[in-house]
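A quick write-up on the structure given underneath.
Everything numeric in this text was worked out from a predicted model, so none of it was measured. Residue indices begin at 1 and follow the sequence shown.
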Amino acid sequence: MQKMHDVMRNCASPVPAKGRRRLLRAAWGLAWATPWWAQGQVQPRIKIAAASNLKFVLADLVRQYRQQTGVQVELTLGASGNLARQILQGLPVEQFISADEARVAELATAGRTLDAGQRYATGRLALVVPANSTLPLAQGLAAVVRALKPGDTFAIANPALAPYGVAAEEALRRAGVGPLPAGQKVLGDHIGQATQFVATGAAQAGITALALSTVPDIARRLQVLPLPEHVHAPLHQRMVLLKNASPAAVAWHRFLLSPQAQAVFVRHGYALPQ
């Protein structure tokens with residue numbers, strides 16, 4: 001901005017009209033080349049709500065975006081159903097990145113969003129057991145469930161709150177072993193909690209998001225078997241801007257749909273949206 005001020009001061013000095021026009025064009029060029037948040041020296045802060053399965057991919061994307069723009073993105077993570085309810089109750093966020101398209105539709109129907117939102121990724125499931133487990137993971141879901149001992153538990157996300165829990169129950173049914181007995185099934189409030197149940201040994205097996213199971217700190221505590229996509233309905237994930245979205249939130253939203261961001265989603269185990 002100092003450069004722009006210097007140019008403007010030069011414009012005020014006695015310079016021929018042609019020269020003044022050239023200097024003014026240079027001044028406007030500097031203004032447009034500098035992001036609006038940098039011009040004002042005020043760093044925007046965006047508040048968003050996002051599904052728990054996105055914890056690690058968003059950590060990467062937030063870090064990249066801040067390095068590129070200086071914009072700070074604050075995350076509130078949780079089950080998509082809980083977050084949608086909190087937004088309806090007044091949670092002060094500008095964007096909702098859901099794992100469940102139906103939750104975005106609920107907010108749109110309630111008139112809380114700018115539009116119907118956009119698909120940004122498709123999730124995958126993984127069967128997981130603790131790293132020291134002797135369960136026959138390589139033989140697949142049915143073999144693992146049938147090998148559980150009395151008192152052993154199997155963790156999934158709560159299907160009433162999280163689409164990954166719905167998909168897990170569908171995978172169990174298609175494997176011919178579900179629904180699990182109530183005493184054998186342990187529900188996480190969100191997919192991150194279900195993953196922790198298995199990683200800590202509190203549950204002897206479970207189904208989680210593939211994106212969570214591949215994070216190094218978690219992966220070293222688990223054995224992981226990606227489940228075929230055909231064992232459950234597609235986990236299409238959708239995000240949407242709320243009506244109070246700022247220009248900074250709109251720019252962040254567009255970044256998440258960019259090829260650069262999409263490559264990060266793929267690296268974390270997601271498929272691109274169809």
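Nearest heavy-atom pair across A99 and S80 is N-OG, 3.0 Å. Of all heavy-atom pairs between A147 and P136, the closest is CB-CD, 3.7 Å. Closest approach of A203 to V186, counting heavy atoms only: CB-CG1, 4.1 Å. Here the closest heavy-atom approach between residue A84 and residue R103 is recorded as CB-CB, 4.0 Å. Minimum heavy-atom separation, S98 to V104: CB-CG2, 3.7 Å. Counting all heavy atoms, side chain and backbone alike, T208 lies closest to S213 at CG2-CB, 4.0 Å.
At distances below 3.5 Å, at least one donor-acceptor pair connects side-chain atoms of T109 with backbone N or O atoms of A105. E229 contributes no side-chain N or O that, together with a main-chain N or O of P234, makes up a donor-acceptor pair within less than 3.5 Å. With hydrogens and angles ignored, the 3.5 Å screen pairs no side-chain donor or acceptor of R45 with any backbone N or O of V71. Remark: side-chain polar atoms of Q262 are paired, donor with acceptor, to backbone N or O of L256 under 3.5 angstrom. Proximity of a side-chain donor or acceptor of R112 to a complementary backbone N or O of L88 within less than 3.5 Å is detected.
Taking a cutoff of 4.0 Å between a charged side-chain nitrogen and a carboxylate oxygen, D60 and R63 qualify as a salt bridge. Between K185 and E169 there is a salt bridge, since a side-chain N of the basic residue sits under 4.0 Å from a carboxylate O of the acidic one. Taking the charged nitrogens against the carboxylate oxygens, E106 and R85 have no contact shorter than 4.0 Å, which rules out a salt bridge.
The CG atom of L58 lies 6.0 Å from the CG atom of L61; values are rounded to the nearest 0.5 Å. Separation of atoms OG1 (T113) and CG (N244) is listed at 11.0 Å; rounding is to 0.5 Å. Between the CD atom in E94 and the CG atom in L114 there is a gap of 10.5 Å [rounded to 0.5 Å]. Between Y65 atom OH and S258 atom OG the span is 9.5 Å, to the nearest 0.5 Å. For the atom pair CG (L83) and CG (D100), the distance works out to 11.0 Å, reported to the nearest 0.5 Å. Rounding to the nearest 0.5 angstrom, the gap separating the CD atom in Q260 from the CZ atom in F265 is 12.0 Å.
Annotation: K47, atom NZ; neighbour count of heavy atoms from other residues, nucleotides and ligands within 6.0 Å does not exceed 12.
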Would H253 and Q118 count as a side chain to side chain donor-acceptor pair (under 3.5 Å) here? Give the steps. CA-CA 10 Å; H253 189 87; Q118 293 79 32; 2.6 Å; yes
Derivation of the side-chain contact (heavy atoms from CB on, under 4.5 Å) call for I218 and F56: CA-CA 11 Å; I218 295 177; F56 297 102; 3.8 Å; yes
For L148 and Q204, what are the C-alpha separation, side-chain angles and deciding distance, and is it a side-chain contact (heavy atoms from CB on, under 4.5 Å)? CA-CA 8 Å; L148 292 174; Q204 284 64 52; 4.1 Å; yes
Which is it for L210 and L212 under the side-chain contact (heavy atoms from CB on, under 4.5 Å) test, yes or no, and what are the steps along the way? CA-CA 5 Å; L210 178 62; L212 291 180; over 6 Å; no
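Cluster membership check: V62 shares its hydrophobic cluster with I46, using side-chain heavy-atom separations under 4.5 Å among Ile, Leu, Val, Met, Phe, Trp and Tyr. Residues I97 and V240 do not share a hydrophobic cluster, clusters being chains of Ile/Leu/Val/Met/Phe/Trp/Tyr side chains in contact below 4.5 Å.
At a threshold of 4.5 Å between non-hydrogen side-chain atoms, the residues L187 and P159 count as touching. L172 places a side-chain heavy atom less than 4.5 Å from the side chain of F154. At least one side-chain heavy atom of H232 sits under 4.5 Å from a side-chain heavy atom of L125. Here the side chains of Q95 and L242 are not in contact, with every heavy-atom distance at 4.5 Å or above. Residues D217 and R221 are in side-chain contact: their nearest non-hydrogen atoms beyond the backbone lie under 4.5 Å apart. For the pair Q196 and Q193, the minimum side-chain heavy-atom distance is 4.5 Å or more. In this structure, T122 and Y270 have side chains that are not in contact, with every pair of non-hydrogen atoms separated by 4.5 Å or more. Side-chain contact check for F96 versus L241: every heavy-atom pair is 4.5 Å or farther apart.
N132 and Q223 form no side-chain donor-acceptor contact under 3.5 Å, judged by distance and modelled atom types alone.
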